[in-house]
Amino acid sequence: MPIYKRFSPLTLKEMQNRTRSPRSFGLLTVFLCLVGGVALLMYAAAMINETRRNASTIGQTLYFIIIGMQLVLVCFVAPALTATAISNERERGSYDVLCASLITPWQIVRGKLGAALGYTFLLIISTLPLLSLPLMLGGIEPFETVISIWIMLVSGLMFTSIGLFVSTFCKTNLGAIILTYSFVLLMVIGIPIFALIASSFGAVLFTGSSTLERFFMTLMIILTSLSPISTLVATELNFYSNGKLWEFSVPITGTTPLNLLPPFVILTICYVLLTLFTLWLAARRVSQADKS
Amino acid sequence: MYAIEIRNLTKRYGRRIALDKVSLSIDPGAVLGLVGPVGAGKTTLLRILATVLQPNDGDIFIDTISIKQHPQQIRQLIGYMPSTLGTINDMTASEYLEFYAACYNVPEADRPALSNDLLQLVDLYHRRNDPLERLSIGMKKRLELARTLVHDPQIMLLDEPFTGLDPRARVETRALINELRSLGKTIIITSPLLAEVEDICTHIAFLNNGKIDFWGSSSDVNIHFADHHVPHRIIGIRFLGDADRAIAIMTEAAGVRDVRPIQPYAAAMTSATLPAQTTLNLLKEMHLSFTGDYTAASNLLRKLMHSGTQVVSFSELSNPLPAINNAISSPSSIMPPISVEDNIKPVTETIEAATTPNENAHL
């Protein structure tokens, strides 16, 4: 049996509609042009600049620009793909018909998520050839690239799930989009800023009590790891300072350093758990929608 | 055994009661017209039947299966067509039907043939490869009807299937429902107008403020409301000339129960700024609730013409059933009539036409 036949009819329909839509091709083209164009400009600028003739430096600069842009775009494109998934069905009046059929709430959630996730992964994978340039120039470990792509994939999963969950309880598309982006902004920017501010206070407050300081630092690292951007930065900083990707340690005043899981592992665990929770909530919302 | 048995069904939205202890039983093969004004609870009742809404109290049994206990089993038995067109524009007509066939677990090998059969049934086979956005509203409604049949349900729930259709599409949809009726399906059709459904329904239920006002066979409707002194017909008269004199003749004529001035004349009557000559040349329209026979109607017309009133048209606007429907469904949309007993009163409110224009039938 072909793999596609194992998908629910809704997943197939959503994928079909998405690939047929000219907007999907337009978005992919804009995404690639944006990332590729900026990478090309930066490469040209670095080559012209005499002081930056070092190939590995150019490679690193290019790598951070491409990965950074990709990550920001994924954070903001992925939720948009699902933010109106259910509310749109409601607005155009097809939601009741779908609910009155034999399709289960889980199939609705899986169908909507699967199609959006497929497209998000396509956006990420389509830019892989651009990453070959910094790899060839040097200064970048292949495993670094794999971790960065992994962070993007997990972020794509998390943000499409958030969009879908919000979409299940919003009556209008506009409301769903606003609320989804509020959630995403809070996670991507809000939490790291809060962690940064709290850390500076904590450093003063908990000096002298190593137990409290360790607990506080652990909490801050977990909070920082909830944002893919700060996770990527922390992973890279850790790699360049310690030369290790799988080990992460934070110095604590007057005692042994605090050893933790690397931020990208914390991000993966948190995001997978949060994704499962939001999907469960979304399925519950779909099965209970309008029934109360 | 009833095809559908509704027992003390209650649905509340916050404090508002949408359905108040509704009980109803429908025989297999019956076609029930659920008639009532906007907000009466028709769509709520249909959505509960379609298992997309849960009642607060009461239950519905379809073939003795409880809708509350076994919604998934019920979904296999019903075909639901909502009032809004939920079609997905990115698909073709045949893809649309095949998608819903898949949603009802129809084997993949059977879907293309099923889709073709249904498209032929609704006369859309020639448009099977057209994207849905290219289909007219009437075609989309027919396609929606075909969609409700993909799993061959015993019961069909059609929420306002004629709304938004042009006259031709109405005739086509009506013919299609008659065809489904001949296939032995149990059908529930909602409509705000009795005239829309009376000739295709075996039974009629009037729903008002969440309660069933009346329920019976189509023939029972006439008998029931005749006993309740509902006007037998509405006569529309358009004329030029002195309105006061014409109204006086109308109110005194045999068989006339009340006289209602209709827009724009009603508004013009309240305007003190219009000169007398302008008022005389203005086309006036009156709707009479008339219980007299054809001789009485003929006498009224003769009296009007003898009085010098220039009668432009004199026609029967409705037969008894729509008049009943208007009396029940939309009392607020009709201005309080000028009753014969009260004689002539100044008109201070606007009036809506009591019936649809295509129902005109000259006496």
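Below, read A as the first sequence line, B as the second, and so on, with proteins coming before strands; counting in each chain starts at 1.
- Contacts between A:Q16 and chain B at a heavy-atom distance below 4.5 Å involve the side chain alone, from C-beta outward.
- Residue A:F183 places its CZ atom among 12 or fewer non-hydrogen atoms of other residues, nucleotides or ligands, all under 6.0 Å distant.
- Every residue was checked against the side chain to side chain donor-acceptor pair (under 3.5 Å) condition with B:D110, not counting sequence neighbours, and none meets it.
- Counting heavy atoms of neighbouring residues, nucleotides and ligands inside a 6.0 Å radius, atom CZ of A:F121 exceeds 12 of them.
- In this structure, the separation between CD on B:E95 and CG on A:L12 is 11.5 Å, given to the nearest 0.5 Å.
- Within 6.0 Å of atom NZ in B:K68, more than 12 heavy atoms from other residues, nucleotides or ligands are found, so the atom counts as buried in its surroundings.
- Within 6.0 Å of atom CZ in A:R20, more than 12 heavy atoms from other residues, nucleotides or ligands are found, so the atom counts as buried in its surroundings.
- When side chains are defined from C-beta on, A:L102 does not count as touching B:H151, because their heavy atoms never get closer than 4.5 Å.
- Atom CG of A:L128 has more than 12 neighbouring heavy atoms from other residues, nucleotides or ligands inside a 6.0 Å radius.
- Pairs of residues two or more places apart, or lying in two chains, never qualify as ring pair (Phe, Tyr, Trp, His ring centres under 6.0 Å) while including a residue from residues 36-56 of chain B.
- Salt-bridge formation is not detected for the pair A:K13/B:E98: no Lys NZ or Arg NE/NH1/NH2 atom is positioned less than 4.0 Å from an Asp or Glu carboxylate oxygen.
- At a heavy-atom cut-off of under 4.5 Å, chain A is reached by B:F99, B:Y100, B:A102, B:C103, B:Y104, B:N105 from residues 99-107 of chain B, listed in order of number.
- Each of B:D159, B:V52, B:L53 was evaluated against A:D96; a single residue qualifies, B:V52, per the side-chain contact (heavy atoms from CB on, under 4.5 Å) test.
- In this view, A:L27 and A:V77, A:Y119 satisfy the side chain to side chain contact (heavy atoms under 4.5 Å, CB included) rule, not counting sequence neighbours.
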